[in-house]
Amino acid sequence: MKCGIVVFPGSNCDHDVYHVLNHVLGQETTFLWHQETSLEGCELVVLPGGFSYGDYLRAGSMAAHSPIMAAVRRHAEVGGRVLGICNGFQMLLETGLLPGAMRRNRDLRFLSVDVHLRVERDDLVYCSNYRCGDVLRMPIAHAEGNYVDTEEALDELERRGQVVFRYADASGQLEPGANLNGSERAIAGICNAGGNVLGLMPHPERCAEEMLGNRDGLGLLAGAVAAADGRVGALAAAGG
Amino acid sequence: MARVLVYPRAEVLDPQGRAIEDALGRIGFDGVRRIRAGKSFEVALEAEDERQATEAVDRMCRQLLANPIVEDYTVEWVSE
């Protein structure tokens, strides 16, 4: 699957995602500069982590108005896959492709630690290598990851099953202590109603190889490039 | 010139305001009931008339300067 990684001034996880998609999963992968207006035929668009525009104003708010975002929006609206990681998730919220907003972390600290995530959906292509209830360990690295929306909007999000990952403890229990940034309902990742747009704060690209001591994130990126009907995706091809 | 004030909505937890509140208490300001930390923007712009200027600033606020999900904004007009 042709993959495009959008590069903004201040992106710093773009090469990590490239490495996993191209070198680990063997996908044709290209960088897309934020000033471009075409996705060059990419089927999967990744908005990577980093500090686009220095996180001025609000994290992701300036990037949300970059020229390429119009093309990303059109791609998403016709069912194309868009994956936003960390700063990319913040962009998806700022563009309105996903609902909600981010606040500063509850304790105002930049958090750079491993967390545990409980998988809440396994019928999305992104989660085709996981099962509901699976617990994944992934690193987070952010200052604004404290997810919020109105109570009604959160209820609607739950009702539609758009919560994909929640912060949990190692056994999958939703403990307040496991929700380090203070996100409402321990939300770590959500999708749109169609399931083709996914945003999450943790970094799957930083835990996708055995050499790094953790490959829990590989399944997500393999799912992102899996054929729509393929449950296993490219993970098997990667030595899975 | 427009002065735009953006604050976290009253029902939204404001971790920055809370931290400043605590700090003020620590240095002896006991009477502080609440702090909300916001942002302000000065917007100098050209427009046909007052109505057009007001509309433009309002659109700026909704599209970029504020995030309506978590923030409220007010606009004041001041002389440059």
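Chain letters run A, B, ... following the sequence lines, proteins first and then strands; every chain starts at 1.
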Check your understanding: Does any heavy atom of chain B fall under 4.5 Å from the side chain of A:L108, the backbone, both, or neither of them?
Key -> side chain
Practice item. Hey, could you give me the CG/CE distance between B:N67 and A:M102, rounded to the nearest 0.5 Å? Key: 11.0 Å
Check your understanding: Does OH belonging to A:Y56 count more than 12 external heavy atoms closer than 6.0 Å?
Key -> no
**Study point:** Structural part of A:R103 lying under 4.5 Å from a heavy atom of chain B
**Key:** side chain
Check your understanding: Does atom CZ of B:R36 have more than 12 heavy-atom neighbours, drawn from other residues, nucleotides or ligands, at distances under 6.0 Å?
Key -> yes
Check your understanding: Taking all non-hydrogen atoms of both residues, which atom of A:G100 and which atom of B:I69 are closest, and how far apart?
Key -> O-CD1, 3.2 Å
Study note, to complete from the structure: Closest heavy-atom pair, B:P15 versus A:R104, reported as atoms and distance to 0.1 Å, is CG-O, 3.7 Å
Revision key, fill the gap. Residues B:V70 and A:V148: closest non-hydrogen pair is CG1-CG1, 3.2 Å
Review point. Under a 4.5 Å heavy-atom cut-off, does chain A meet the side chain of B:L64, its backbone, both or neither?
Key: both
Review point. What part of A:D107 is in contact with chain B, defined as an atom under 4.5 angstrom from a non-hydrogen atom: side chain, backbone, both or neither?
Key: neither
Review point. If you take all heavy atoms of A:H65 and B:Q63, which pair is closest and at what distance?
Key: NE2-O, 3.1 Å
Review point. Does atom CD of A:E40 have more than 12 heavy-atom neighbours from other groups under 6.0 Å away?
Key: yes
Point to revise | Region of B:E11 in contact with chain A, defined by heavy-atom distances below 4.5 Å | key: neither
